[in-house]
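Here's the structure, in structure tokens; my notes come after.
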Amino acid sequence: MGCDQPRLSWKLEGCDRATAYQIRSASVAEQLRAGDADLWDSGEVASPGLIDVPYSGRPLNSCERAYWQVRSKFDGEWSGWSDISFWERALVDPGEWSAEWISLALGEGGQPAPAQLLARQFEVPAKPIARARLHYTAKGLIRAYVNDNDVSAGLLDPGWTDYRHRILYRAVDVTSVLRAGTNKLSAIVGDGWYCGNLCWFGRNRYGARAMALLRLLVEFEDGDRLMVGSDSAWRGTDVFVRTNDLIDGVTQDFRIMVPDYARWTPVETFPIGGENLVPASCPPVRSTEVIDTLGTWQNSAGEWLIDFGQNHTGVLSMELTGACELEVVHGEALDAEGNLYTANLRTAKQTDLIVSPGGQRRWSPFFTFHGYRYARIAGHSESTPPMVRSHVLHTDLERTGWFECGHEGLNRLFSNIVWSMRSNFVDIPTDCPQRDERLGWLGDAQIFAPTAAYLYDVSTFFAKWMPDVISGMSERGIFPNIAPQLEELVEGAPGWADAGVIVPWTMYEFYGDERLLSDCYPAMKRYCHAVLDANPDWIWRNLRSHDFGDWLSIGEETDKTLLATAYIGRSLRITADAARVLGLEADYISLSKAHEHVASAFKGEFPLESIGTQTGLILAAQSFDLTESEWAALGDRLEARLVANGGKLATGFLGVAGLLETLASTGRDRLAMDLLLSTEFPSWLFPVENGATTIWERWDGWTPGGGFQDPGMNSFNHYCFGSVGAFFFERLAGIKRLGPAFNPIALLPLVDERLGFVDLRFTTRYGEIRSRWEVESGHLNWEVTIPSGCRAGAKLPRFATNLSTWSVEGPASEVEGNPVTRAFRLYPGRTSIRGPLQFDVG
Ligand code: BGC
């Protein structure tokens with residue numbers, strides 16, 4: 001934890017609403033168990049608590065631990081104390097590193113360099129160790145070892161930030177791997193984002209040389225301390241990892257033996273300067289799954305082709321037997337002749353080279369990742385296929401959303417969305433994991449953020465990314481297109497720059513995170529003002545940078561001024577709402593007024609009846625308040641646009657996320673479902689029908705008539721069109737967020753008999769919400785589970801008939817007086833709602 005005041009959260013089980021809580025915290029677990037809260041006792045607080053209660057005890061010292069527990073009061077009675085949990089403070093003062101950056105002079109001159117092995121030995125006295133902490137980071141990538149045990153938190157530490165502004169470090173507990181006598185602390189350091197190839201910008205974007213920084217502190221039970229920092233006592237050597245590059249791949253030559261430690265060369269040292277070293281608070285990139293081969297065959301050149309059956313991001317591992325020189329190329333698709341298709345990788349090589357002098361060894365590359373479903377292996381001369389497996393890599397976030405229904409195509413679409421998320425949440429939200437790009441494009445991130453937040457807990461992931469969005473802001477106050485920012489001073493386009501406003505708000509909606517919101521708020525407000533200052537008539541005409549528009553829309557082009565104005569309208573409303581949440585009343589009033597000005601200028605310049613594209617109508621609906629008659633007109637017009645387009649979608653990156661939602665909000669559930677279930681080109685299920693295992697960048701990435709789209713831009717693993725995932729949660733399962741962190745919620749599923757059943761689970765910060773419905777012989781069986789501490793309401797879905805015959809069993813009570821349907825208040829636990837349906841699908 002890098003802050004004085006971490007926030008404490010807990011979940012209740014099997015009870016309704018608490019009226020009070022008490023937290024106590026101590027520096028020793030036993031002490032806490034005995035009731036001695038030397039750090040903090042909140043006393044009885046008349047509130048349920050549950051999420052983000054700031055710790056208000058004595059500030060901790062560096063690496064100090066706080067143990068804590070909580071109890072809740074129900075109906076005047078205290079629960080027992082919870083289990084004990086703990087957190088640990090990071091380094092408070094950068095001066096405490098007592099270490100220097102260390103490096104070997106291997107990487108200068110712009111050429112790929114071998115990875116460096118850096119190490120030193122040290123003596124540990126033979127007495128009991130209380131605990132040992134290793135802090136480490138790199139300008140580049142680092143794997144840390146104690147006595148040759150890999151103690152690294154992740155595979156691509158310390159991750160990608162704009163290193164000019166911030167470098168993250170990790171802290172790990174290494175107590176169990178130390179021993180009395182001689183010990184070794186070592187690190188392998190590679191190029192990574194710091195000095196390897198980045199996108200099409202080439203090498204050395206941040207520096208020409210990879211470096212490491214480490215600090216080991218051993219604390220003994222008798223109070224003695226031993227500190228081993230990276231310094232001039234370290235020695236280093238190059239290793240068998242001859243080149244290592246995130247985009248091009250890795251060369252490993254196992255003939256290169258590590259020489260005797262005595263013959264290693266001394267490292268060069270560089271003092272810690274103005275670097276902003278910040279503790280990492282987001283999970284690291286790890287291997288989260290291993291995939292076995294689905295098919296293996298040899299081509300006429302004797303090369304082996306491997307199909308893993310699933311497009312993903314990862315690295316291979318292979319069992320090597322005997323001397324060999326292998327080349328492993330990774331690609332997403334096969335061409336019409338069955339060859340590995342690599343044209344869409346552009347200049348990315350995605351190639352690993354291996355030289356082995358013989359003997360048995362297990363190979364897996366270091367400091368790289370590839371985007372692929374297939375691999376082609378040259379040089380494997382044996383008649384049996386190479387023994388390979390694939391290791392899926394991404395930031396190891398906690399899964400929160402699961403969906404299944406009775407329609408195989410939708411299940412596969414959902415799975416493809418999950419896989420594209422996993423493939424592109426590799427330390428930052430990337431556009432794609434395979435070609436020479438892999439950048440944190442803001443437009444993509446904001447469009448997909450709600451779906452992402454349903455699927456995984458992305459609270460720390462986006463909290464890690466947002467400082468790079470903010471530091472990438474131009475002097476005029478415009479957020480960038482990509483973060484970490486690479487193109488100096490390039491300002492973001494409408495819909496891209498707006499991510500600087502939309503993402504922190506999405507995190508607030510999903511997690512109730514007011515701290516991130518208040519950290520981002522000054523930049524959000526500055527951005528809104530920068531756009532308005534340049535556009536005095538409230539229409540966003542100036543300062544639109546690249547102006548990507550509704551990127552990759554198909555068949556319709558939305559007016560870019562309309563799109564931009566809708567976006568700044570939305571950003572203003574969000575920023576006004578953020579001001580209200582943060583208690584900034586004057587800002588709330590002035591930003592709301594500005595939003596109204598933009599709304600009326602928009603309606604003047606782009607009357608609803610003149611908007612001629614699906615995306616134009618969707619953005620108007622998303623960004624501005626509409627009267628009932630305007631809603632009705634917008635719905636009619638959207639339907640008319642769809643009909644005019646042969647019943648097919650025409651949206652690009654920005655329109656796509658709101659298409660089905662806008663249709664459903666104007667009562668066109670059936671039309672929304674027709675689009676979702678369509679397999680005709682262009683549609684979500686068209687790629688599914690054509691074998692997609694991830695979401696394609698373009699609707700027409702591949703077509704039966706045209707084959708592959710332009711290889712200059714044709715990724716098969718881009719999550720944007722997967723933003724439809726939110727619709728599965730919000731409409732198919734019917735979970736509507738009414739308050740931050742989904743408390744309260746309203747439940748109202750969109751029942752469509754073509755799905756048979758829908759079973760959706762979603763873990764909020766309060767616990768799991770489940771909505772499962774099934775249509776059987778004209779009847780609906782709907783089961784809803786609500787977590788403790790959460791308030792919820794439900795209504796009978798559309799098509800419910802004979803309302804009085806519906807039965808409701810479980811912790812629920814009826815809300816009287818609904819003229820159209822029956823409505824219920826639901827309490828924590830499981831409620832079953834059953835009754836007849838009469839589908840009117842005309
Ligand atoms: C990226 C996109 C990005 C776009 C900007 C592309 O090269 O892959 O995902 O949003 O550029 O228009």
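Indexing begins at 1, ligand by ligand and atom by atom, following the structure's order.
- Listed for the W160 side chain is no donor-acceptor partner under 3.5 Å among the backbone atoms of D162.
- Just one of L659, I417, L649 meets the side chain to side chain contact (heavy atoms under 4.5 Å, CB included) condition when paired with V724; it is I417.
- Closest non-hydrogen pair, Y511 versus V458, comes out as OH-N, 2.9 Å.
- Put simply, the residue from F716, F686, W699 that forms a ring-ring contact (aromatic ring centres under 6.0 Å, His included) with F721 is W699.
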Under a 3.5 Å threshold, I'd like every N/O contact between ligand 1 and protein atoms, with atom names and distance.
{"unit_1": "ligand 1", "atom_1": "7 (O)", "unit_2": "E437", "atom_2": "OE1", "d": "3.3"}
{"unit_1": "ligand 1", "atom_1": "7 (O)", "unit_2": "E437", "atom_2": "OE2", "d": "2.7"}
{"unit_1": "ligand 1", "atom_1": "8 (O)", "unit_2": "D431", "atom_2": "OD2", "d": "2.7"}
{"unit_1": "ligand 1", "atom_1": "8 (O)", "unit_2": "R435", "atom_2": "NH2", "d": "2.7"}
{"unit_1": "ligand 1", "atom_1": "8 (O)", "unit_2": "H718", "atom_2": "NE2", "d": "3.0"}
{"unit_1": "ligand 1", "atom_1": "9 (O)", "unit_2": "D444", "atom_2": "OD1", "d": "3.4"}
{"unit_1": "ligand 1", "atom_1": "9 (O)", "unit_2": "D444", "atom_2": "OD2", "d": "2.4"}
{"unit_1": "ligand 1", "atom_1": "9 (O)", "unit_2": "H718", "atom_2": "NE2", "d": "3.0"}
{"unit_1": "ligand 1", "atom_1": "10 (O)", "unit_2": "D444", "atom_2": "OD1", "d": "2.6"}
{"unit_1": "ligand 1", "atom_1": "10 (O)", "unit_2": "W496", "atom_2": "NE1", "d": "3.0"}

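- The minimum heavy-atom distance linking I478 with A497 is given by the pair CG2-CB, 4.2 Å.
- Note on D436 versus R346: salt bridge recorded, some NZ/NE/NH1/NH2 to OD/OE distance being below 4.0 Å.
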